[in-house]
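Working notes for the structure below.
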Amino acid sequence: MNDIIKLLPDSVANQIAAGEVIQRPASVIKELVENAIDAGANDIKIIIKDAGRTLIQVIDNGCGMSTTDARMAFERHATSKITNAADLFTLHTMGFRGEALASIAAIAQVDLRTMRKGESIGTRLIINGSKVESQHAESCATGTNIMVKNLFYNVPARRKFLKKDSVELSNIIHEFERLALVNTNVAFTFIHNENTLYQILHESLKQRIINLFGKSLAPQLIPIETATSIANINGFISLPQNARRRGALQYFFVNGRNMRHPYFHKAVIQCYDQLIPQDEQPNYFINLNVEPETIDVNIHPTKNEIKFENEQAIWQILSATIKESLGKFNAVPSIDFNAEDVPDIPAFKPDATATHDLELDTSYNPFQSYTRNATNKVIPSKVINNDWRGGITKATQNWEKLYEQFEINRTDAMPIHSSKLNNDTLELFKADDELDLNKYNPPINAFLLKDRYIITPTFDSLTIIDSRRAHVRILYEQFISLYKNKEYTTQRLIFPDVVQLTPAQNITLESICDNLTSMGFDISYLGNNSWSINGVPSVVGGTNPVELIMSTIENINPSTDIDTEFSHKIAITMAYSSAIKIGQAISQDEIERLLGDLFKLSTPNYTPDGKTIIATIPINDISKLFQ
C-alpha cells in the first residue's frame with residue numbers, strides 16, 4: 001500500500017498561508033506599510049490603482065535591503081525581527097512571523113527595488129506567483145519600492161470574492177487610517193488612480209485625528225493621560241454630547257500597534273453610563289504603553305488581537321482615567337469672581353435688627369379684583385362676567401367654568417378598531433382574560449413624562465410608550481411606503497448647503513449617490529471632497545440637510561447595505577433624523593395623534609432596528625408595591 005501523506009510544495013503552502021494573512025487589498029497595504037515602519041522609514045508613499053486590484057505600490061525611505069536579504073525576504077518564515085521563541089515576548093516591531101511577503105508573492109506579481117543607505121547600487125527582484133523570474137543590480141533610491149500587481153491573478157476563486165472598487169477602497173482607507181493614527185511620526189502620501197487622497201506630515205496625535213477625520217472633530221475631543229507602573233495611558237475621548245449612533249471612531253493602540261479589545265472597550269463604554277443614550281457610542285483614540293513581556297501578540301495572523309498579563313488592573317486604570325477626564329471637562333461652568341459692576345451685598349450681622357421699607361397691607365385679599373379710582377388710589381372692584389380677564393379676578397367664583405376645559409370629549413383621540421389590532425397588539429393589552437373588543441375604548445388619559453415617555457392606563461396595566469421611538473416607527477412606515485410606490489418628490493433648497501467630507505466619507509457618498517437621487521435627493525460633486533445639497537425629499541423638508549447627509553453616510557456600510565438593504569437603511573436614517581428629539585415637549589393633541597398613528601400600524605411594538613417602543617406594568621405588579 002502506497003504512502004498517502006506528502007509534503008506540500010512551497011507555492012501551495014504559501015497560497016494556503018495567504019488565505020489567512022492576505023484577505024483583500026487592504027491586507028497587502030497593512031503588511032507592506034508595517035514592514036516600511038519596521039525598516040525605520042519616516043516618509044511613506046502609497047499608490048494604488050483600481051482599489052488595489054491592478055496595483056499596490058509602497059515607497060519608503062527606510063534602511064533598504066542587501067541583495068541577499070531581498071531574496072530571503074520572500075522565503076516563508078524568513079524574518080529579521082526575531083531569532084528565537086523568547087523574542088516573541090520582547091517585540092518592538094510590527095511584524096515577526098515572516099509570512100507576509102511570501103504570501104503576497106504567492107498570489108500576485110511582485111516587482112521590488114531596494115537599496116541600503118550608504119550604497120550606490122541597489123537590487124531589483126521580480127517574482128511571479130512565488131517563482132523568481134529575475135534578480136539583478138539596478139540604480140534606485142535609498143529605501144524600498146515594492147509593487148504588487150494583479151492581486152489573486154492566479155487564484156480566480158479568491159479574486160471573484162473581492163467586492164466592487166468602492167467597497168475595497170473604503171476598506172483600504174480604513175486600514176490606512178489605523179496605520180496613520182498609530183504612527184504620527186511618519187509622513188504619509190496616499191494616491192488612488194492618480195488622485196491624492198491624503199498628504200499628511202509628522203504631527204501630534206490630535207492633529208493627525210483632525211487631518212484624517214475632519215476639523216469638526218477638534219472641539220469634541222478631550223485628552224486623557226495617566227502614568228502608572230503597570231501601564232501609561234494617553235489619547236483622546238469625545239464629549240458625551242458628541243456620541244454617535246453608528247460609525248463611532250474607536251481605536252485602541254498598544255506599544256504602537258493597533259488592536260481590538262472588547263474587554264477594554266467595555267470599560268470605556270461603562271464610563272459613559274447615564275451620560276449618553278444606550279444606542280449611541282463615544283469616539284475614542286486611546287494609546288496604551290506597557291512592558292512588551294506583559295503582552296502576547298502571537299494570537300492571530302493579523303496581529304490585532306492581544307492578550308494582557310495585567311488585564312484587570314489596566315481595566316481599572318483605564319476606567320479611572322476616563323472618568324477623571326469626563327468629570328474635569330464636562331463639569332459645570334466655573335464661577336466668575338470678577339466683582340466689577342456687581343451689586344453691593346452687605347455682610348451678615350447676627351446682632352442686627354431686621355428692617356424694611358415696605359408697609360404691609362393686612363386687608364389685602366388675593367382673591368379680590370382691584371382697580372384705581374380718579375385719585376389713583378387702589379380700591380376693590382367687582383368682577384365683570386365670569387371669564388378670565390388677565391389681571392386679578394375672583395378665583396373662587398364659578399369653579400365649574402374654570403375646569404370645564406379638562407372635560408373635553410376625547411373619543412377620537414386614539415382611533416383603534418378591531419380591524420386594526422394584530423396579535424402583537426392584542427397580546428399587549430390582555431392578561432389572564434381574553435380582551436373584549438366590544439368593551440374596548442381608547443385611553444382617555446395620557447400624559448408625557450420627562451418630555452419623552454407617554455404614560456397611559458389600559459384595562460389591567462399601565463402602558464409606557466417611548467414617544468421618539470414611536471415617531472421613528474411611524475415615519476419609517478411612511479418613507480418605505482413612498483419608496484415602494486416611487487412617490488418621492490424633491491424639495492429644492494433656496495440656498496444650497498455645502499458639506500465637506502473626509503476621503504472615506506466621500507467614497508461612501510459617491511457609491512450611494514444614485515440611490516439617494518432615486519429617493520428625492522439632489523446632490524452634486526464640487527470637487528475636493530465637497531458636495532452641494534440642492535434638494536432633499538419633501539417628506540423631510542424640515543430636517544437639516546447637512547445633518548441628514550452625514551447621518552446617512554454614518555449609517556450606511558458600503559460593503560453590505562448598498563443595493564440590498566439601502567432603502568431600509570435610508571428610511572431608518574431619515575426617520576431618526578426627522579423624529580421628535582429626546583426631551584422635546586409635545587402637546588396633548590400631538591400625543592393623541594401619535595398614539596392613533598402608532599396603533600394603526602401592523603407592528604407598533606418595535607422600531608425598524610428592533611428597539612422596544614411599548615412596555616407595560618401589570619396592575620398586579622403595581623399592587624404588590626403597596627402590600
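Residue indices begin at 1 and follow the sequence shown.
You'll find the ring centres of Phe308 and Phe264 inside the 6.0 Å limit. Ring to ring, Phe252 and Tyr284 are close: their centroids are under 6.0 angstrom apart.
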Apply the test side-chain contact (heavy atoms from CB on, under 4.5 Å) to residues Val290 and Glu309: give CA-CA distance (whole Å), side-chain angles for both, the deciding distance (0.1 Å), then the verdict.
-> CA-CA 10 Å; Val290 300; Glu309 179 181 317; over 6 Å; no

Would Ser532 and Asn534 count as a side-chain hydrogen bond (donor to acceptor under 3.5 Å, both in side chains) if you check the C-alpha gap in whole Å, the side-chain angles of each, and the deciding distance to 0.1 Å?
-> CA-CA 6 Å; Ser532 174; Asn534 308 311; 2.8 Å; yes

Could you please spell out the steps behind the side-chain contact (heavy atoms from CB on, under 4.5 Å) verdict for Lys266 and Trp315?
-> CA-CA 9 Å; Lys266 188 176 180 181; Trp315 160 292; 4.0 Å; yes

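Classified by interplanar angle (parallel below 30°, tilted 30° to 60°, perpendicular above 60°), the ring pair Tyr251/Phe253 is parallel. Classification of the Phe190-Tyr198 ring pair by plane angle, with boundaries at 30° and 60°, yields perpendicular. Ring-plane geometry between Phe188 and Phe176 is classed as perpendicular, the angle between the planes exceeding 60 degrees on a 0 to 90 degree scale with a lower cut at 30.
Rounding to the nearest 0.5 Å places CD of Gln220 at 7.5 Å from CG of Leu239. Summarising the geometry, atom CG belonging to Leu318 is positioned 10.5 Å from atom NZ belonging to Lys323; distances are rounded to the nearest 0.5 Å. Rounded to the nearest 0.5 Å, atoms OG1 (Thr573) and CD1 (Ile549) are 10.0 Å apart. Atoms CG and OG1, on Asp69 and Thr144 in that order, are 10.5 Å from each other to the nearest 0.5 Å. The CD1 atom of Ile314 sits 13.5 Å away from atom OG of Ser319, with the distance rounded to the nearest 0.5 Å. Taken to the nearest 0.5 Å, the CZ atom of Arg158 stands 8.5 Å off from the CD1 atom of Ile22.
In this structure, the side chains of Val148 and Pro25 stay at 4.5 Å or more apart for every pair of heavy atoms. Contact annotation: the side chain of Thr321 never approaches that of Asn234 to less than 4.5 Å [non-hydrogen atoms, C-beta and beyond]. Counting heavy atoms from C-beta outward, Ile29 and Ile48 have side chains that approach closer than 4.5 Å. Asn255 is listed as a side-chain neighbour of Asn289, based on a closest heavy-atom distance under 4.5 Å.
Counting only distance, with no hydrogens or angles, the side chain of Thr114 and the backbone of Met65 share a donor-acceptor pair below 3.5 Å. Without hydrogens or angle criteria, Ser325 side chain to Pro223 main chain gives a donor-acceptor distance under 3.5 Å. Formation of a donor-acceptor pair under 3.5 Å by the Lys581 side chain with backbone atoms of Ser577 is found in this model. When atom types are taken as modelled, the side chain of Arg208 and the backbone of Ala180 share a donor-acceptor pair closer than 3.5 angstrom. With Asn310 contributing its side chain and Ala313 its backbone, the two residues share no donor-acceptor pair below 3.5 Å. Although no hydrogens or angles enter the test, the distance criterion places no donor-acceptor pair under 3.5 Å between the side chain of Asn242 and the main chain of Pro282. Side-chain atoms of Glu119 do not come within 3.5 Å of backbone N or O of Ser66 as any donor-acceptor pair. With Asn193 contributing its side chain and Asp50 its backbone, the two residues share a donor-acceptor pair below 3.5 Å. Side-chain atoms of Arg159 come within 3.5 Å of backbone N or O of Leu151 as a donor-acceptor pair. For the pair Glu75 (side chain) and Ala102 (backbone), a donor-acceptor distance under 3.5 Å is absent.
More than 12 heavy-atom neighbours from other residues, nucleotides or ligands sit within 6.0 angstrom of NZ on Lys611. Atom OH of Tyr525 sits in a crowded spot, with more than 12 heavy atoms from other residues, nucleotides or ligands closer than 6.0 Å. Enclosure of atom NZ in Lys45 is not indicated, since only 12 or fewer non-hydrogen atoms of other residues, nucleotides or ligands lie within 6.0 angstrom.
Residues Cys140 and Thr123 come closest through the heavy atom pair SG-N, 4.5 Å. Of all heavy-atom pairs spanning Pro240 and Ile276, the tightest one is O-CG2, 3.2 Å. Here the shortest heavy-atom pairing between Lys117 and Gly62 reads CE-O, 3.7 Å. Across every non-hydrogen atom of Leu32 and Leu101, the tightest pair is CD2-CD2, 3.8 Å. The two residues Val186 and Asp43 have their closest heavy-atom pair at CG1-N, 4.1 Å. Residues His202 and Asn185 share a closest heavy-atom pair of CD2-O, 3.0 Å.
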